[in-house]
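Below: the structure, in structure tokens.
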Amino acid sequence: MPSLSEFISSPIVENIMSIPGISEYNRKRLNKIGIETSHQLLGMFLLIRGDDKFNKWLYNTGVRNGEEIIEAIEEKLNMWIRPSIHDED
């Protein structure tokens, strides 16, 4: 499992275990509901819209370390969204 800084500074790869907080246990839980890639998990985060809701969704799927996963996804998305917002000025 990569560190948060490694995840943020690297391109997104398909392997869901590249997201901090995704252990083998968490990967299996997510795979059971059809989430098999990093892209799918990031997409689900965007669909659910909100840390508390996403954390609850993770908990309900049996995923552990929800807060660590959320922090990593938020930081990664902030890298994409904030620069594009500022570029429009």
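Hydrogens, waters and symmetry mates play no part in the numbers below; they use all other heavy atoms, side chains included.
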Quick one: pull up [atom1] in [X] and [atom2] in [Y] and give me the separation to the nearest 0.5 Å.
X   : Y   : atom1 : atom2 : value
E24 : I22 : CD    : CD1   : 11.0 Å
I16 : S38 : CD1   : OG    : 6.0 Å
T61 : K32 : OG1   : NZ    : 10.5 Å
I33 : Q40 : CD1   : CD    : 9.5 Å
K53 : L58 : NZ    : CG    : 14.5 Å

Taking the side chain as C-beta and beyond, is there a heavy-atom pair between [X] and [Y] under 4.5 Å?
X   : Y   : answer
L41 : T37 : no
F54 : L46 : no
E36 : L30 : no
I70 : F45 : yes

Where the side chain of [X] meets the backbone of [Y], is there a donor-acceptor pair that is under 3.5 Å apart?
X   : Y   : answer
S18 : N15 : yes
E71 : E67 : no
N26 : R64 : yes
N65 : I69 : no

State yes or no: do F7 and L77 share one hydrophobic cluster built from I, L, V, M, F, W and Y residues joined by side-chain heavy-atom distances below 4.5 Å, directly or via other members? yes
